[in-house]
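The structure appears below as structure tokens.
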Amino acid sequence: MTHSPNPSSDRPDYLQRLNPEQRAAIETTDGPLLVLAGAGTGKTRVLTTRFAHILLSGRARPHQILAVTFTNKAAREMRERIGAILGTPVEGLWLGTFHALCARMLRRHAEYVGLSSGFTILDTDDQLRLLKQVIEPLRIDAKRWPSQGILGVIQRWKDRGLTPERVTPAEDTDFANGQCRAAYAAYQARLIQLNACDFGDLMLHVTEILRTRPDVLAQYHRLFRYILVDEYQDTNTIQYLWLRLLAQREGQSANICCVGDDDQSIYSWRGAEVENILRFERDFPGAVIVRLERNYRSTAQILGAASGLIAHNDGRLGKTLRPGREDSSGEKVRVVAVWDSDDEARMVGEEIARLRAGGHSLAEMAILVRAGFQTRAFEERLIALGVPYRVVGGLRFYERAEIRDALAYMRVLSQPADDLAFERIINVPRRGIGAAALQKFHAAARAGNMPLTQAVQDLLAGGEIKGRAREPMAALMDCLQRGRDALPREGHVVVVETLLEEAGYIDMWKADPSPEAPGRVDNLKELVRALADFESLEGFLEHVALVMENEENAGDARVSLMTLHGAKGLEFDTVFLPGWEEGVFPSQRTLDEGGLKGLEEERRLAYVGITRARHRAIISHAASRRIYGNWQSAIPSRFIEELPDEHVATSGAASQARTRTFGHAPEFSQAFPVVARRARMTEALARGTAPDAASGARSAAFGAGERVFHQKFGYGTVTSVDGSRLEIAFEKAGSKRVLDQFIEKIS
DNA sequence: TCGTTAGCTTTTTTT
DNA sequence: AAGCTAACGA
């Protein structure tokens with residue numbers, strides 16, 4: 001490949017209009033390179049341009065570059081942008097998430113760890129069920145030591161690259177009386193038996209293979225000439241080990257380029273080690289470090305506020321974000337004090353409505369919360385206002401019950417030995433198989449050292465399944481077998497469709513009277529449709545296991561509602577940052593568990609939040625909040641005080657709160673219209689305890705099938721009437737039970 | 001075997 | 001406050 005000639009400078013097009021630091025990050029192709037890229041400094045652009053530059057300058061061919069990201073979204077974006085620079089989509093890239101790349105490697109070398117290449121990747125649900133089964137003989141008190149906790153311990157070991165043999169007794173003291181190692185070993189053994197692995201195994205197995213098989217390692221050393229890593233600050237130990245194995249070879253300095261920002265490290269709870277980025281120079285001697293500090297995203301006010309906040313952290317590599325444009329002073333970051341979460345939602349809602357009326361697109365607004373439960377109040381408010389919104393990272397398509405069931409059917413179809421999947425569907429729809437019967441099947445399977453499906457098959461043949469269960473079980477086994485036989489002839493789409501139909505699964509939902517059922521049937525149709533995008537059933541299952549995304553119609557403009565974690569890497573014109581109260585943000589739990597380190601991570605999270613905003617950031621804090629069902633008065637987050645005054649404008653009673661020391665919530669709350677609130681409450685109480693006669697008379701007016709409107713939930717249809725209580729299927733809010741007095745009729 | 005109920009936890013964050 | 005599990009009864 002040659003550089004395209006360019007008269008204005010002797011650089012090719014794609015290197016134009018970069019600042020000097022960016023250019024250095026791209027043109028320093030050989031040797032270890034650490035790019036410290038602050039928020040909004042063109043990190044993705046550097047990564048993609050660098051990738052393209054390596055290709056276009058003839059240093060490597062597409063498949064000789066390993067490019068690792070953390071999220072599927074980042075991988076997809078990178079692939080698209082590289083294609084755009086090159087002017088043509090590129091095939092055969094080793095570009096993907098750590099887990100996707102490892103899955104690909106593991107399929108090639110599965111036999112080295114006792115798997116075969118068709119292994120199943122388990123989801124969290126399966127993991128937990130499997131662990132529960134496996135620890136039963138250990139007699140661990142499930143009350144004191146929940147299996148989720150044990151799974152957490154195992155996962156953290158996996159994050160650190162520890163196989164069961166590598167875990168020392170000294171590391172297994174604090175949980176479940178030192179039985180976690182035993183649980184871990186049993187769990188791993190069972191996974192191998194099932195020809196399955198969990199998410200952590202993808203990394204663990206591949207790293208183990210690279211560690212113990214020099215031939216395999218050498219093969220990848222020959223293959224990968226360049227390695228690019230995104231979000232390096234979020235790598236955990238096992239990912240670090242994996243990278244180091246692939247990057248370090250004898251007598252050569254590694255062509256590894258890691259891009260990251262220590263100020264945006266927010267995943268330590270998942271095993272990420274900020275130290276990985278802090279010690280890069282020691283790991284890769286002769287490393288060049290490039291700092292990207294010119295921010296082209298946010299106004300100077302926003303940058304000033306964010307920088308001032310993050311300056312409170314110690315142990316940073318040190319970067320200062322500078323505005324990339326001179327004209328970008330903008331409005332100050334607003335800090336708004338509100339009474340409670342409803343009040344907060346109302347304020348945000350009004351602000352959104354005002355901006356929308358002023359011509360701003362909803363797609364450019366986001367509400368970023370610390371934890372999932374905070375979204376509820378905003379959802380309700382936005383529904384009431386009729387503002388379209390999308391909850392990012394909420395319940396995802398592939399996590400819904402009907403989808404998981406259908407996937408389990410597919411898994412059994414593709415892998416009869418997938419006991420976990422078989423267990424899931426054996427009694428769905430009802431086939432008269434209860435715990436007792438399942439126990440029997442398990443015993444038979446264990447005795448014969450065979451998968452459940454085989455055991456059931458044998459028991460059926462031997463006439464040992466009797467009574468009501470016999471007929472439906474025989475039918476199910478028959479369906480599955482015929483499906484497998486038909487697979488080569490009819491193709492996976494038809495076979496799956498037929499299987500779900502014949503097994504009675506579709507009918508189960510069609511017969512379900514609940515208001516969600518029709519939606520579930522639609523989801524199943526959508527699932528079958530998605531199958532057609534893949535060449536094989538196995539390909540589809542792999543996609544689902546690794547990507548787990550709902551590629552829903554992202555068409556129309558909506559407000560985004562998501563957690564701060566979910567917002568990393570995104571940007572919006574306007575960002576709302578609610579719930580900045582002590583205990584909520586910073587989260588009490590993180591403080592309790594992580595101490596000062598935890599606090600600093602929370603602060604980085606705040607920094608991430610503010611730097612998502614291009615033009616406007618609106619922080620709010622409530623004086624009281626309901627936690628675990630009861631009201632507690634709240635203190636403004638310490639982060640609010642840490643924002644530099646010159647970049648902040650306060651409203652509500654926040655100005656007083658900021659100057660006052662902590663611990664004076666009562667005084668603080670006096671600034672609020674308490675009286676008005678009392679009045680509201682009294683009014684509500686009065687309505688709630690209104691004589692039954694009144695509501696009874698009203699409810700008679702409602703009948704099933706009637707179309708109604710609710711202040712909070714919007715439009716819906718009555719599905720059942722129980723005195724004054726109505727069950728209503730709302731169009732946007734789903735099915736709710738509501739008192740009739742809050743319902744309006746629609747003619 | 002299934003449905004109901006009482007009591008209990010939950011509210012981080014995700015590949 | 002609500003949703004889930006474990007235990008109990010039909």
Side-chain angles (χ1 to χ4, degrees), chain A residues 68-75 96-103 121-124 127-128 132 142-143 146-149 151-152 155-156 158-159 197-204 230-231 234-236 238-239 242 264-272 341 368-377 392-396 398-399 427 429-439 467-469 472 544-549 562-569 579 581 583-594 598 601-602 604-606 608-609 625-632 736-737:
Chain A
V68 200
T69 63
F70 264 84
T71 63
N72 294 297
K73 199 171 62 192
T97 62
F98 277 100
H99 297 274
L101 292 165
C102 278
I121 301 167
L122 300 185
D123 61 28
T124 328
Q127 287 179 46
L128 208 57
K132 275 183 188 159
K143 279 253 167 66
S147 39
Q148 273 176 21
L151 193 62
Q155 243 147 20
R156 257 168 281 139
K158 288 188 176 179
D159 284 342
C197 65
D198 66 18
F199 250 76
D201 282 339
L202 292 172
M203 295 290 326
L204 190 68
D230 191 12
E231 308 280 15
D234 287 333
T235 49
N236 60 31
I238 185 84
Q239 289 161 339
W242 182 81
Q264 291 186 65
S265 161
I266 54 175
Y267 282 109
S268 74
W269 51 272
R270 207 169 73 184
S341 57
L368 309 182
V369 296
R370 174 70 244 271
F373 74 92
Q374 292 173 265
T375 59
R376 203 193 187 110
V392 181
L395 46 133
R396 291 179 285 187
Y398 290 112
E399 283 169 4
N427 204 32
R430 299 257 137 84
R431 295 188 178 89
I433 304 296
L438 192 58
Q439 207 68 41
R468 250 177 302 178
V544 172
L546 290 171
V547 180
M548 274 288 215
E549 270 175 22
M562 65 182 107
T563 64
L564 286 160
H565 285 88
K568 191 159 84 153
E581 296 130 39
V584 177
F585 189 39
S587 134
Q588 191 56 50
R589 188 160 159 187
T590 305
L591 256 37
D592 292 344
E593 288 170 10
E601 180 147 319
E602 294 284 299
R604 291 195 290 268
L605 205 45
V608 167
R625 190 168 291 273
R626 198 162 45 183
I627 294 170
Y628 297 141
N630 43 11
W631 289 96
Q632 295 187 354
K736 308 259 183 212
R737 240 186 291 276

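Letters A, B, ... are given to chains in the order of the sequence lines, protein chains preceding strands, and every chain is numbered from 1. The figures here come from the full heavy-atom set of this structure, side chains too, leaving out hydrogens, waters and symmetry mates.
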So what is the 5' to 3' dot-bracket string for DNA chain C, if pairs are Watson-Crick or G-U wobble with both distances under 3.5 Å, crossing pairs use [ ] and | means the partner sits on another strand?
-> ||||||||||
Send over the distance from A:Ile627 CD1 to C:dA1 P, rounded to a whole Å.
-> 15 Å
State whether A:Arg270 and A:Asp159 are salt-bridged, where the test is any N-O pair (Lys NZ or Arg NE/NH1/NH2 against Asp/Glu carboxylate O) under 4.0 Å.
-> no
Separation of atom CG in A:Leu128 from atom C1' in B:dT14, rounded to whole Å = 16 Å
Of B:dT1, B:dT13, B:dT14, the nucleotide closest to the side chain of A:Ala436 is B:dT1
By salt bridge (Lys or Arg N to Asp or Glu O under 4.0 Å), which residues pair with A:Asp123, not counting sequence neighbours?
-> A:Arg404
Taking only residues two or more places apart in sequence, or in another chain, which ones meet A:Ser147 in a side-chain contact (heavy atoms from CB on, under 4.5 Å)?
-> A:Leu128, A:Leu131, A:Lys132, A:Ile135
Mind calculating the distance between CG (A:Leu122) and P (B:dT14) to the nearest angstrom?
-> 21 Å
Does the side-chain ring of A:Phe199 sit on the six-membered ring of the B:dT15 base, less than 5.5 Å centre to centre and under 30° in tilt?
-> no
Using a cut-off of strictly less than 4.0 Å, decide whether A:Arg430 has a side-chain nitrogen or oxygen near OP1 or OP2 of B:dG3.
-> yes
For atom CG of A:Asp159 and atom C1' of B:dT14, their distance in whole Å = 11 Å
CZ of A:Phe373 versus C1' of B:dT13: gap in Å, rounded?
-> 12 Å
Expressed in whole Å, how much space separates the P atoms belonging to B:dT11 and C:dA6?
-> 16 Å
Residues passing the salt bridge (Lys or Arg N to Asp or Glu O under 4.0 Å) test with A:Glu581, sequence neighbours excluded, are A:Arg625
Contacts of type side-chain hydrogen bond (donor to acceptor under 3.5 Å, both in side chains), residue A:Gln632, not counting sequence neighbours = none
For atom C1', what is the distance between B:dT14 and C:dG3, given to the nearest Å?
-> 22 Å
Taking the side chain of A:Thr97 as heavy atoms from C-beta outward, which of B:dT14, B:dT15, B:dT1 is closest to it?
-> B:dT15
Closest to side chain of A:His99, choosing from B:dT1, C:dA2, B:dT15 = B:dT15
Spacing between A:Asp198 atom CG and B:dT14 atom C1', to the nearest angstrom | 14 Å
Whole Å only: how far is the CZ atom of A:Phe585 from the P atom of B:dT11?
-> 19 Å
Where the side chain of A:Asn427 is concerned, which of B:dC2, B:dT13, B:dT15 is the nearest nucleotide?
-> B:dC2
Taking only N and O in the side chain of A:Thr563, is any of them less than 4.0 Å away from OP1 or OP2 of B:dT14?
-> yes
Just wondering, do A:Glu602 and A:Ser587 contact through their side chains at under 4.5 Å, heavy atoms?
-> yes
Who are the side-chain hydrogen bond (donor to acceptor under 3.5 Å, both in side chains) partners of A:Gln148, not counting sequence neighbours?
-> none
Could you give the CD-to-P distance, from A:Gln588 to B:dT13, as a whole number of Å?
-> 17 Å
